[in-house]
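As the structure is a computational prediction, the values presented were derived from the model and not from experiment.
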2 protein chains.
Amino acid sequence: MKNAKDILAVLKASGSKMTRVRIAAVEVFAGNAAPITALQLGAALARRGVDVNKTTLYREIAFLAGKGFVEEIDFGDRVTRYELKDAGHHHHVVCVRCDRVVDVDLDRDLDSQEKAIAQKTKFTILRHSLEFFGLCASCK
Amino acid sequence: MKNAKDILAVLKASGSKMTRVRIAAVEVFAGNAAPITALQLGAALARRGVDVNKTTLYREIAFLAGKGFVEEIDFGDRVTRYELKDAGHHHHVVCVRCDRVVDVDLDRDLDSQEKAIAQKTKFTILRHSLEFFGLCASCK
DNA sequence: CTGGATGCAAACTCTTTGCACGGAG
DNA sequence: CTCCGTGCAAAGAGTTTGCATCCAG
């Protein structure tokens, strides 16, 4: 469900109000491949003529996250990024110089590792967080 | 080099001053398996009778990190954790309920995945960050 | 109308910086 | 005696909360 119209339709059907901010925010997320910060979302909305207070930004993001349409991504730089939750779990390669982000799918992800770790540690593994950092083609 | 005495010896040899804070901080790190936050380090030092201002905490951590003895660990909760840099790269399994942390080594880590990603994306991969989250034996 | 959505200001948490004082070598 | 190390206060950045107002349905 990477389509703004579909997401908005589901939200509307579930009784959520269709506000300017909500519509524009979903459109921005749907049009953005890379994870963005709350403030970047605000800038993107402003560019579309929708000026939004930062409080509202965080609240709208929390709302969309609560509905399961948006998920948190953490690059370890103390700023939380968000992106549309994809059906297929994927990871990110981040350029440490220009911050460009590319999505990658792992052939078999970490399922086998997770199983091994679960056995070894007696943990039930719920999820993992994996990001790669390096230099993109134009930065090296 | 997981031994406080060795680390302190190297620091001393390189001309760094041996202060109460420095000695105690290295000892705390050496005695702690799990990554700790700056404030947790402060609490641990206080327990040893060494009261340290938070500014000094951050500066001492930055100092040790700069010397290569400590590295940043990020669990994605907007708090930076630190641990002694181990010779062998390892990952963490974090209990989402009680915050217990267990170290794990991956059999072959992610070398093959990194190679595949480098080819696919034209990035030069420098490092990755990988943490597992789940429930520990006593919490499930 | 009514409750969810929004804005503004202020609070909060973690972290960093400026400046003056203190202590290790 | 010299600098590195330290403390205190204040500033920053990102995020959250309280409260009054606004607007979609």
With distance as the sole test, does A:Lys67 use its side chain to make a donor-acceptor pair with the main-chain N or O of A:Ala62 at under 3.5 Å? no
May I ask you to say whether A:Arg22 pairs ionically with A:Glu60, meaning some side-chain N is under 4.0 Å from a carboxylate O? yes
On DNA chain C, compare the nucleotides closest to B:Arg81 and A:Lys54; which residue's is nearer the 5' end? A:Lys54
Of the residues in residues 56-67 of chain A, which ones touch DNA chain C at a heavy-atom distance under 4.0 Å? A:Thr56, A:Arg59, A:Glu60
If Ile, Leu, Val, Met, Phe, Trp and Tyr residues are connected whenever their side-chain heavy atoms lie under 4.5 Å apart, and connections chain through other members, are A:Phe123 and B:Leu135 in the same group? no
List in numerical order all residues of residues 16-50 of chain A for which some heavy atom is under 4.0 Å away from an atom belonging to DNA chain C. A:Lys17, A:Thr19, A:Val21, A:Arg22
Listed by chain and number, what are the ring pair (Phe, Tyr, Trp, His ring centres under 6.0 Å) partners of B:His89, not counting sequence neighbours? B:His91, B:His128
Tell me whether A:Ser16 contacts the main-chain N or O of A:Lys12 through its side chain, where contact means a donor paired with an acceptor under 3.5 Å. no
Interface limits on DNA chain D, where chain A has a heavy atom under 4.0 Å of a nucleotide atom: D:dG14 to D:dG25
Select base, sugar-phosphate, or nothing to describe what B:Asp77 touches, counting heavy atoms under 4.0 Å on all strands. nothing
Taking only N and O in the side chain of A:Asn53, is any of them less than 4.0 Å away from OP1 or OP2 of C:dT6? no
Tell me whether B:Ile36 shares a hydrophobic cluster with B:Phe63, the cluster being built from Ile, Leu, Val, Met, Phe, Trp, Tyr side chains joined at under 4.5 Å. yes
Answer yes or no on whether A:Arg127 is positioned over the face of B:Phe132, meaning its NZ or CZ is under 6.0 Å from the six-membered ring centre and within 45° of the axis. no
Would you say that more than 12 heavy atoms from the other residues, nucleotides or ligands in this model lie under 6.0 Å from the NZ of A:Lys120, or not? yes
Strictly by modelled atom types, are A:Thr80 and B:Arg78 linked by a side-chain donor-acceptor pair under 3.5 Å? yes
Would you list the atom pairs, donor with acceptor, under 3.5 Å between side chains in residues 47-54 of chain B and any protein atom, with sequence neighbours excluded?
| residue | atom | partner | partner atom | Å |
| --- | --- | --- | --- | --- |
| B:Arg48 | NH1 | B:Glu27 | OE1 | 2.8 |
| B:Asn53 | OD1 | B:Thr55 | N | 2.8 |
| B:Asn53 | OD1 | B:Thr55 | OG1 | 3.0 |

A:Tyr82-A:Ile23 co-clustered via ILVMFWY side chain contacts under 4.5 Å: yes
5′-ward residue of the pair A:Thr80/B:Gly15 relative to DNA chain D: B:Gly15
Check whether B:Met18 and B:Val10 end up in the same hydrophobic cluster, where Ile, Leu, Val, Met, Phe, Trp and Tyr are linked by side-chain heavy atoms less than 4.5 Å apart. yes
Quick one: do B:Leu11 and B:Leu84 end up in the same hydrophobic cluster if we chain Ile, Leu, Val, Met, Phe, Trp and Tyr together by side-chain heavy atoms under 4.5 Å apart? yes
Specify the angle, to 10°, made by the local axes at the two ends of the helix from C:dC1-D:dG25 to C:dG25-D:dC1 when five pairs are taken at each end. 30°
